[in-house]
Amino acid sequence: MPKLSFARFNDSAERARSGWAEYASELQHLSPLITELDVVLPQARAASMLQGLKQVEFQQATRDVEALVARGNDLVVRIRAGVRSAFGNRSEKLTAFDMKPLRPGTRRPRAEKKSQQVAPSAVETPTE
C-alpha cells in the first residue's frame, strides 16, 4: 500500500466528514467511526505541525553544526601553524599534533648509464 501524504489524508478525512454529515440519517452505523475520526484528525494536525517545527529545528541544528565545525577547523589550522612555528618543520614533536615532520629523504643509488657505443659510420669516399 503506498504511503498517504498528510495533505491527502486531511483532504479525504474532511470529505468523509462532510459526506457523512450530509447523509448522517442513512449512515448511523458509521457514527462511532466518525467520532473516532473527530479525535484522530486534530491529533494528526498537531503532530504534523510539530513535525514541521522539528524539521525547522533540525535544519537549524545542522547549520549550527556546520558553522561550529568550520570555526573549529580554522582554529585547528591556526594551532597547527603555531605548533609548527614553535617547534620547526623537522621536529618529531609534530607527530603529537597529527602532523608529519619533514624528514630527510632516502636516495636510491643511481643506476649507471650504460655507455652507448656509437658504431663508426662508414665514410664513403668518392672515387673518381
Side-chain angles (χ1 to χ4, degrees):
M1 186 167 131
K3 283 185 171 179
L4 185 65
S5 71
F6 176 76
R8 261 182 131 172
F9 160 72
N10 192 36
D11 187 45
S12 77
E14 286 298 325
R15 286 187 184 176
R17 279 206 89 295
S18 65
W20 182 82
E22 189 175 336
Y23 298 103
S25 61
E26 298 172 36
L27 301 171
Q28 285 298 320
H29 65 285
L30 298 178
S31 181
L33 298 176
I34 294 298
T35 304
E36 189 175 351
L37 181 62
D38 287 342
V39 171
V40 169
L41 189 57
Q43 290 176 348
R45 287 179 181 154
S48 177
M49 288 180 65
L50 183 62
Q51 183 184 33
L53 291 174
K54 294 290 184 184
Q55 185 175 6
V56 169
E57 289 175 7
F58 178 77
Q59 290 171 346
Q60 182 61 47
T62 300
R63 284 190 292 272
D64 292 346
V65 166
E66 289 171 351
L68 291 168
V69 166
R71 176 67 178 143
N73 279 334
D74 289 344
L75 292 171
V76 168
V77 167
R78 293 177 68 190
I79 288 169
R80 286 183 174 174
V83 167
R84 193 174 295 275
S85 69
F87 293 142
N89 288 335
R90 298 183 187 279
S91 175
E92 288 297 319
K93 293 177 185 177
L94 296 178
T95 58
F97 297 90
D98 199 27
M99 298 165 49
K100 291 183 179 179
L102 288 178
R103 295 182 175 120
T106 57
R107 292 186 178 197
R108 294 184 198 166
R110 289 187 180 179
E112 293 182 26
K113 291 184 180 180
K114 295 182 180 178
S115 59
Q116 297 178 2
Q117 295 177 356
V118 179
S121 62
V123 178
E124 293 184 25
T125 54
T127 54
E128 292 185 40

For this session: Identify the two heavy atoms, one from I34 and one from A16, that lie closest to each other, and give their separation to 0.1 Å.
Result: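 Shortest heavy-atom separation between I34 and A16 comes out as CD1-O, 4.4 Å.
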Exercise. Which atom pair, heavy atoms only, marks the closest approach of P42 to L37?
Worked result: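 Looks like CD-O, 4.2 Å.
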Going from [atom1] on [X] to [atom2] on [Y], what distance comes out if it is rounded to the nearest 0.5 angstrom?
X	Y	atom1	atom2	result
L33	L27	CG	CG	11.0 Å
S91	L102	OG	CG	11.0 Å
E57	D64	CD	CG	11.5 Å
R108	T106	CZ	OG1	8.0 Å
R80	D98	CZ	CG	5.5 Å
R71	N73	CZ	CG	11.0 Å

If hydrophobic clusters are built from ILVMFWY residues whose side chains come within less than 4.5 Å, do [X] and [Y] share one?
X	Y	answer
W20	Y23	yes
L41	F6	yes
V76	F97	no

Problem set entry | Test item: S48 side-chain N/O and A44 main-chain N/O as donor-acceptor pair under 3.5 Å |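 Such a contact is absent between S48 side chain and A44 backbone.
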Problem set entry | S31 side chain vs Q28 backbone, donor-acceptor pair below 3.5 Å | no
Problem set entry | Test log, rule side-chain contact (heavy atoms from CB on, under 4.5 Å), inputs R84 and N89 | CA-CA 6 Å; R84 193 174 295 275; N89 288 335; 2.9 Å; yes
Exercise. Is R15 salt-bridged to D11, cutoff N-O under 4.0 Å?
Worked result: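 Looking at D11 together with R15, the answer is yes, because their closest N to O distance falls below 4.0 Å.
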Problem set entry | Residue E36 excluded, over 12 heavy atoms near CD under 6.0 Å | no
